[in-house]
Protein chains: 2
Amino acid sequence: MRVSQANGRPRQVLYRKGQPCADVSIVRNGWAFRFAITASGRRQILSFLLPGDLFSTSAVFGDRMHFSVQALTDVAYCGFNREDLQRLIFADPKVSRTFADVCSEQEAFSDDRIIDLGTRSAEERIGRLIIELMARLDRRGQVHDNMFHFPLKQQHLADALGLTQVHVNRVLRRLRESRIMELSNGVLKIFNTSAIRKLADMR
Amino acid sequence: MRVSQANGRPRQVLYRKGQPCADVSIVRNGWAFRFAITASGRRQILSFLLPGDLFSTSAVFGDRMHFSVQALTDVAYCGFNREDLQRLIFADPKVSRTFADVCSEQEAFSDDRIIDLGTRSAEERIGRLIIELMARLDRRGQVHDNMFHFPLKQQHLADALGLTQVHVNRVLRRLRESRIMELSNGVLKIFNTSAIRKLADMR
DNA sequence: CGCGCGGTTGAAGAACCTCAATTCGGGTGG
DNA sequence: CCACCCGAATTGAGGTTCTTCAACCGCGCG
């Protein structure tokens, strides 16, 4: 299998919407995010990418994607040759199966985001995104004492959740003042796990 | 290939979230939609299903899905045996490829919906949903003279677009009064195609 | 006839946005 | 070392969009 390696600095665009690429990329280290810019100039962050995440499952089949990818921190990523990867996946039913699971997990994540944006308040959206990221980081062993490295700026939260940076700021203040969680200097601390779960799960 | 047939009446739930099913369902006739109900009781419509649409690509691999499906009109649908279908898809690279394309198209649709909900106004969301559905119906030859059967109630538009039925009503009134389009008696007529495209594409 | 579903409308309010000014901290050049 | 700068966070004031609540209408149907 032909594999290429690459690195990205914070803010660097790792892939630009619509560009053809022979490789299927996967994050090895650091954080990145998928996003799109609308005709009116607004940015929507579609998802955050953590170590081990494919840029997109659809990249396994097509050579261009409908979104861009930007690094959030220093990032190491690698690209698998598409044809080699396809052979690898479809040669072994067990691997096909694993890949299929990844696809349906992605579908579920997208649908969850749609539900968040369509039905939930700013507080709930923020709570749920934090919970989701914490769970994903926990699986990677990157959560200690309800505390973890969190490189998103308020503007990233805003663009992921369909809010403005100013409003995100106010919600974070409320959460901080009610001693539920605190985000500062790129570190997120959860003080009241049950409160944030309650916030995230129900009205 | 083992295939089963079934029909559904309007409002009938065709699949309930989390239920195991041995079949992979596909709509043959009529309209349906995928949806979820949040803990607070709000409904989010995730997508509309037209003739030829799979309930979900993830159903090809897993035996339970994370959403429910409800009929909007009289619906005919059929279920393919999962194992048979998997063999059919993965036996022929050409079929695998087609299936993969369907998967990435789904991904693109989901991301578009996220962008709509995250960045656009009520008017834009409604305009874009109409345009999307019109394009999909057009491919099926169901649009004549910028006019087509449209079984969605205002409540469905609201639940798909993260709005209230009351607000959808007001937006539709504005669109009607400005002679852009009209929705009544289950028929949608577009009077001003360029206006609605402008509405849908840009700020 | 009465009932229920869906559409329409008004009034009032909540959630969120826009604009703009200020602060804060870390880096950088003089 | 200090002045400056820049990205990011914070805060206030005022406005817009959308929601909520509630009432009413029209229509098809048992």
Student: Does the side chain of B:Arg16 come under 3.5 Å of the side chain of B:Ser68 through a donor N or O and an acceptor N or O?
Tutor: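 No, no side-chain donor-acceptor contact under 3.5 Å.
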Student: Please determine if A:Arg2 and A:Asp23 form a salt bridge, counting it only when a charged side-chain N lies under 4.0 Å from a carboxylate O.
Tutor: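 No salt bridge links A:Arg2 with A:Asp23.
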Student: For B:Gly62, is there any backbone N or O sitting under 3.5 Å from a side-chain donor or acceptor partner on B:Arg82?
Tutor: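 Yes, B:Arg82 side chain to B:Gly62 backbone: donor-acceptor pair under 3.5 Å.
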Student: In the 5'-to-3' direction, what one-character label does each nucleotide of nucleotides 6-19 of chain D receive under the scheme B = base within less than 4.0 Å of a protein heavy atom, S = sugar-phosphate only, - = no such atom?
Tutor: -SSSBBBB----BB
Student: Between B:Glu107, B:Glu105, B:Gln106, which is the residue that forms a side-chain hydrogen bond (donor to acceptor under 3.5 Å, both in side chains) with A:Ser58?
Tutor: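 By the side-chain hydrogen bond (donor to acceptor under 3.5 Å, both in side chains) criterion, A:Ser58 pairs with just one of B:Glu107, B:Glu105, B:Gln106: B:Glu107.
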Student: We want to know whether A:Asp138 and A:Gln142 form a side-chain donor-acceptor pair, criterion being a heavy-atom distance below 3.5 angstrom.
Tutor: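 No, A:Gln142 and A:Asp138 have no side-chain donor paired with an acceptor closer than 3.5 Å.
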Student: Compute whether any side-chain donor of one residue and acceptor of the other, for A:Ser121 and A:Glu124, lie under 3.5 angstrom apart.
Tutor: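 Yes, A:Glu124 and A:Ser121 have a side-chain donor paired with an acceptor closer than 3.5 Å.
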Student: Give the angle between the helix axes at the two ends of the helix from C:dC1-D:dG30 to C:dG30-D:dC1, taking five base pairs at each end and rounding to 10°.
Tutor: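 One end's axis against the other's: 30°.
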Student: Which residue is it: A:His156, A:Gln12, A:Arg43? I am looking for the one with a side-chain contact (heavy atoms from CB on, under 4.5 Å) to A:Gln70.
Tutor: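 Per the side-chain contact (heavy atoms from CB on, under 4.5 Å) rule, the option paired with A:Gln70 is A:Arg43, out of A:His156, A:Gln12, A:Arg43.
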